[in-house]
There are 2 protein chains.
Amino acid sequence: MSKAKIPQNLQTRKSTLDEIDARILSALNSDARLSISELARLVGMSPPSVSDRIRRLEAAGVIRGFTVDVDTRAIGYQIRAIVRIRPLPGKLHLVERLIQERPEFIECDKITGDDPFLARLAVHSIEQMDDVLETLSEHAVTSTAVVKGTSVKKRLPPL
Amino acid sequence: MSKAKIPQNLQTRKSTLDEIDARILSALNSDARLSISELARLVGMSPPSVSDRIRRLEAAGVIRGFTVDVDTRAIGYQIRAIVRIRPLPGKLHLVERLIQERPEFIECDKITGDDPFLARLAVHSIEQMDDVLETLSEHAVTSTAVVKGTSVKKRLPPL
DNA sequence: GTTGAAAATAGCACGAA
DNA sequence: TTCGTGCTATTTTCAAC
């Protein structure tokens, strides 16, 4: 008689990165356009293996995609700001839609606490910032903080 | 007499993207690993031109780099949180250093307002979150909001 | 910006551990 | 399963226009 196949816990399989996966992720995090061959050299493997691993990381949901890091100031958006947004009673979904429809909001999280939304804004000028906030003013209370600089650039937690 | 050469404003030159640059940036934003040839097809140009444009966008500081979008939850960091941090008098720089040294802080902006820092945290558990905040507790006042979800995924403002 | 040729690379099928 | 090798098609890069 043959032994029955025991399926591994999905969560565990997905979230377990070995040393090599970690090196690949970290290299891709520094430069997502590295060629497969260069990655292969960096981690000491053959190109097809690296290619496979990347595909697996994507399939497991670890890699959500590859993107370009654009400096918004270099394209004319001189001001970045963080906006805490507290919709008036009954206006939660309306406000969420308004945020999504305003392309100056370049990021928005739903969070716990008094203010349900925390959004990031990129604008050309104070006037434009005011204009954006104005569209929310009858439906939500906002508090805005201008970004002066960066202490920690977006990075990966320890792998 | 010949007309004198009038140098263009640097700022203007750098920040002015034409239609094609915009298409390239937007395509790279969706998938930073698109091949040059594929990009060339998308924008209707030859590969060397596209290659040049990307190099120029990097040189101009518009493109800061290419990175991978990793789902922190898929690698075991089940909790993300936003932390507002107000250092006690005289402890601004100490606190900034503490934030930078803690790899669980995966992002931190310096902002205007009562709380000088706004940081993003990724942790495995509430216990780990508490541990991280504990390291700041004697030097700063913090308020923490857990991220429940995303209303707007990171996106580019209009080009 | 384009073209064309040389070098590097990616993708695939296959076999090995 | 996961990894490596060898082949072919594609891609990148550089020079010249």
Participant: Taking CZ from Arg33(B) and P from dG11(C), how many angstroms apart are they, rounded to a whole number?
Facilitator: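 Arg33(B) atom CZ is separated from dG11(C) atom P by 9 Å.
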Participant: Checking Ser151(B) side chain against Cys108(A) main chain: does a donor-acceptor pair fall under 3.5 Å?
Facilitator: no
Participant: Hey, does Pro47(A) reach any base, or is it just sugar-phosphate, or nothing, if we go heavy atoms under 4.0 Å?
Facilitator: nothing
Participant: For DNA chain D, whose closest nucleotide is more 5', that of Val50(A) or that of Ile36(B)?
Facilitator: Val50(A)
Participant: Do the side chains of Ile36(B) and Ile54(B) get nearer than 4.5 Å, heavy atoms only?
Facilitator: yes
Participant: When you match Met45(A) and Leu34(B) each to their closest nucleotide on DNA chain D, which lands nearer the 5' end?
Facilitator: Met45(A)
Participant: Checking side-chain contact (heavy atoms from CB on, under 4.5 Å) for the pair Leu28(B)/Ile24(B): CA distance, chi angles, key distance, verdict?
Facilitator: CA-CA 6 Å; Leu28(B) 285 174; Ile24(B) 292 175; 3.9 Å; yes
Participant: Using atom CG of Leu57(A) as one end and atom C1' of dT2(D) as the other, report the distance to the nearest whole Å.
Facilitator: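 The distance from CG of Leu57(A) to C1' of dT2(D) comes to 14 Å, rounded to the nearest Å.
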Participant: Select base, sugar-phosphate, or nothing to describe what Arg56(A) touches, counting heavy atoms under 4.0 Å on all strands.
Facilitator: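 Since only primed, P, OP1 and OP2 atoms lie under 4.0 Å of Arg56(A), the category is sugar-phosphate.
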Participant: Taking only N and O in the side chain of Arg41(A), is any of them less than 4.0 Å away from OP1 or OP2 of dT9(C)?
Facilitator: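 Affirmative; the distance criterion is met.
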Participant: Taking 4.0 angstrom as the limit, do Arg120(B) and Asp109(A) come out as a salt bridge?
Facilitator: yes
Participant: Find the distance Glu38(A):CD to dT11(D):P and express it as a whole number of Å.
Facilitator: 19 Å
Participant: Base, sugar-phosphate, or nothing for Ser49(B), non-hydrogen atoms under 4.0 angstrom?
Facilitator: base
Participant: Report the distance from atom CZ of Arg53(B) to atom P of dT2(C), rounded to the nearest whole Å.
Facilitator: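 Taking CZ of Arg53(B) and P of dT2(C), I get 9 Å after rounding.
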Participant: Nearest-Å distance, CD1 (Ile20(B)) to C1' (dT2(C))?
Facilitator: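 Going from CD1 in Ile20(B) over to C1' in dT2(C) covers 13 Å.
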Participant: Regarding Ser37(A), tell me which of base, sugar-phosphate or nothing describes its non-hydrogen contacts under 4.0 Å with the strands shown.
Facilitator: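 Sugar-phosphate: the residue Ser37(A), judged by heavy atoms under 4.0 Å, touches backbone atoms but no base.
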Participant: Would you tell me if any nitrogen or oxygen in the side chain of Ser51(A) comes within less than 4.0 Å of OP1 or OP2 on dG11(C)?
Facilitator: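 Looking at the OP1 and OP2 atoms of dG11(C), one of them is under 4.0 Å from a side-chain N or O of Ser51(A).
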Participant: Write down the distance between CZ (Arg55(A)) and P (dG11(C)), rounded to a whole number of angstrom.
Facilitator: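 One finds 7 Å between P of dG11(C) and CZ of Arg55(A), rounded.
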Participant: Taking Arg33(A) for its side chain and Leu34(B) for its backbone only, find out whether a donor-acceptor pair lies under 3.5 Å.
Facilitator: yes
